[in-house]
Amino acid sequence: MKKFKVGVIGCGTISPMHLQSLKMVENVQLEAVCDVVKERAVDKANRYGCRYYTDYKEMLDRENLDAVHVCTPHYLHAPMAIYAANRGVNVLTEKPMAISLQDADTMVKVAMDNNVTLGVIFQNRYNSASVLIKNTLESGELGRIISGRLSVIWHRSDAYYSESDWRGTLDKEGGGVIINQSIHTLDLMRWFVDAPIDYVEASISNRCHPKVEVEDCAEGVIAYKNGVSALFYVTTNYSYDVPVELELHCEKGVAKLIADKAVIRFKDGREVSADLDESEVMDYGDGVKSYWGFSHYKQIRAFYESLAKGEKPFIDGTEARKTQEMVCAIYRSGKENRRIYL
Ligand SMILES: NC(=O)c1ccc[n+]([C@@H]2O[C@H](COP(=O)([O-])OP(=O)(O)OC[C@H]3O[C@@H](n4cnc5c(N)ncnc54)[C@H](O)[C@@H]3O)[C@@H](O)[C@H]2O)c1
């Protein structure tokens, strides 16, 4: 079996989900990690048994990698993905794929020009709950979607921003609660509705985090060309992380997602549900089993399966770009205080 030689750039909070997943995927070999903070790179290299770098260009120039995972602050996803693609290296980047639509377009183009695969992490699409809703919608059992709503009501402290050199800044994070915390749920809604967007209309503001530049609150509507209106309310101003909610009001029932659980109630009285599978846990080697990360593992495994088959991955650059376009339109609508047609 061919083993893909892999590198990971960025050894911060999200990196264990990638590194542990790579350990569990059969057809990959982790060759190197990279972080500008040397201790982080050394620690992960020791823990996962690979070489380390503090300069991603050096890693990509020296190692003969088949793929690289980009786990760095948002503004670095585009330049890192582009550098890798131009060297013929496949890329799997964390969300959001970029901080602008222009960068996202360039990433897709450069990947295409170099005949490499670009994948983007939206691991929540792999949760059993999301899969149940998607499959039920596709089966036609729920009929047409009439409208949808979602809410992400979380807490992010001042320390969350002050302890990071990129979170809370427009040039490095690219935005706040929309592009960082809520993008997963906005992406899920877009995937469920599965239709081109007509327009978005939103208001965004910073209400409770005066020390940062990015928005901590947004609400609005995403109007799809198939007639579905999806309402959203997202904020990081609450006192704790309320489980994320997403609801689809359909002709023949209501599908509800609350955190990791989906419940579908049909008008005829039937009910189906999906929750976390207790066998799907990650072991990060510290004795603590965690559900957090298993969908990363599923997406990463699927990414390498598609590479091995020469097929495009489920969430490739072109697919993720649609979510990027939606998110950028939400920002424009909020800034220009008007409806934005896509
Ligand atoms: N999919 C998810 O659910 C999920 C969850 C958390 C974070 N993320 C995403 O993962 C990415 C990273 O987030 P994080 O929370 O791990 O951030 P982090 O700040 O904890 O880690 C980022 C790491 O990148 C390193 N870095 C910065 N510049 C670099 C450079 N030029 N070269 C190499 N390394 C560099 C930093 O030193 C740091 O160790 C973001 O895109 C974030 O949105 C995704």
Side-chain angles (χ1 to χ4, degrees), residues 7-21 32-45 47 51-61 63 65 68-84 91-100 103-104 107 119-127 130 152 154 156 159-169 171-188 214 236 241 244 259-260 282 284 290-300 303 315 320 323-324 327:
V8 172
I9 315 174
C11 297
T13 313
I14 202 63
S15 65
M17 280 76 184
H18 288 257
L19 294 163
Q20 188 61 30
S21 298
V33 292
C34 170
D35 200 293
V36 278
V37 179
K38 188 176 169 187
E39 305 83 77
R40 289 187 197 157
V42 170
D43 175 60
K44 291 294 186 278
R47 210 177 265 247
R51 291 174 289 285
Y52 75 86
Y53 292 82
T54 53
D55 178 340
Y56 77 93
K57 291 184 179 173
E58 192 187 336
M59 179 175 89
L60 285 158
D61 293 344
E63 299 282 338
L65 299 177
V68 72
H69 293 218
V70 178
C71 302
T72 50
H74 300 172
Y75 73 109
L76 293 169
H77 296 180
M80 289 175 167
I82 290 166
Y83 193 87
V91 177
L92 182 58
T93 180
E94 265 297 343
K95 47 55 73 170
M97 67 188 292
I99 60 175
S100 72
D103 279 354
M107 289 162 82
V120 179
I121 294 282
F122 278 119
Q123 82 276 6
N124 289 348
R125 288 200 195 184
Y126 286 80
N127 295 351
S130 311
V152 178
W154 282 1
R156 288 296 176 270
Y160 167 82
Y161 292 106
S162 63
E163 286 167 8
S164 163
D165 62 356
W166 63 275
R167 295 191 184 94
T169 65
D171 60 340
K172 295 192 168 86
E173 190 177 15
V177 64
I178 299 165
I179 201 165
N180 196 339
Q181 286 78 29
S182 314
I183 195 168
H184 288 293
T185 321
L186 291 164
D187 175 72
L188 279 183
V214 300
T236 48
D241 291 356
V244 165
D260 299 315
M282 299 290 279
Y284 293 104
S290 173
Y291 290 112
W292 177 222
F294 204 84
S295 290
H296 263 90
Y297 162 64
K298 286 185 184 170
Q299 183 168 358
I300 289 166
F303 179 78
I315 311 172
T323 293
Q324 187 74 25
V327 160

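As the structure lists them, so they are numbered: ligands from 1, and atoms in each ligand from 1.
- Neither the backbone nor the side chain of T54 comes within contact range of ligand 1; no heavy atom lies under 4.0 Å.
- In this structure, M80 has a heavy atom closer than 4.0 Å to ligand 1.
- With a 4.5 Å cut-off on side-chain heavy atoms, L65 and L60 count as touching.
- Counting heavy atoms from C-beta on, the side chains of V91 and M107 never come closer than 4.5 Å.
- Here the closest heavy-atom approach between residue D35 and residue G12 is recorded as OD2-N, 4.1 Å.
- In this structure, the protein non-hydrogen atom closest to atom 37 (O) of ligand 1 is D35 OD1, 2.6 Å.
- The nearest heavy-atom contact from the protein to atom 42 (C) of ligand 1 is H74 NE2, 3.7 Å.
- Residue-level proximity to ligand 1 for Q123 is carried by the side chain, the only part with a heavy atom below 4.0 angstrom.
- Within ligand 1, the atoms closer than 4.0 Å to a non-hydrogen atom of V37 are 37 (O), numbered from 1 in the order shown.
- Taking the side chain to side chain contact (heavy atoms under 4.5 Å, CB included) definition, one finds that S15 meets it with C11, L19, K44, sequence neighbours left out.
- For the side chain to side chain contact (heavy atoms under 4.5 Å, CB included) test, residues two or more places apart in sequence or in another chain that qualify with Y126 are S295, K298, Q299, A302, F314, I315.
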### Task
Please lay out, stage by stage, how Y297 and M17 fare under the test side-chain contact (heavy atoms from CB on, under 4.5 Å).
CA-CA 7 Å; Y297 162 64; M17 280 76 184; over 6 Å; no

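- Considering I179, T169, D103 in turn, I179 is the only one that fulfils the side-chain contact (heavy atoms from CB on, under 4.5 Å) rule with H74.
- When the heavy-atom distances from atom 35 (C) of ligand 1 to V33, V36, I179 are ranked, the shortest goes to V36.
- In this structure, the side chains of H296 and H18 come closer than 4.5 Å at one or more pairs of heavy atoms.
- The atoms of ligand 1 that sit less than 4.0 Å from any heavy atom of G10 are 24 (O).
- If you check which protein heavy atom lies closest to atom 38 (C) of ligand 1, you get R40 NH1, 3.1 Å.
- In terms of protein heavy-atom proximity, atom 19 (O) of ligand 1 is nearest to W166 NE1, 2.9 Å.
- With a heavy-atom cut-off of 4.0 Å, D55 does not touch ligand 1 at all.
- Ranking the protein heavy atoms by distance from atom 5 (C) of ligand 1 puts I14 CD1, 3.2 Å first.
- The protein non-hydrogen atom at the shortest distance from atom 44 (C) of ligand 1 is E94 OE1, 3.1 Å.
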Notebook entry, point to check: What's the verdict on side-chain contact (heavy atoms from CB on, under 4.5 Å) for Y161 and T236, showing C-alpha distance, side-chain angles and the deciding distance?
Noted result: CA-CA 12 Å; Y161 292 106; T236 48; 4.0 Å; yes

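- Note on ligand 1: F122 sits outside its first shell, no heavy atom being nearer than 4.0 Å.
- For atom 28 (N) of ligand 1, the nearest non-hydrogen atom from the set V120, L76, I99, N180 belongs to L76.
- The closest approach between S164 and ligand 1 stays at or above 4.0 Å for every heavy atom of the residue.
- Residue contacts with ligand 1 for C71 involve N, CA, C or O but no side-chain atom from C-beta outward (heavy atoms, distance under 4.0 Å).
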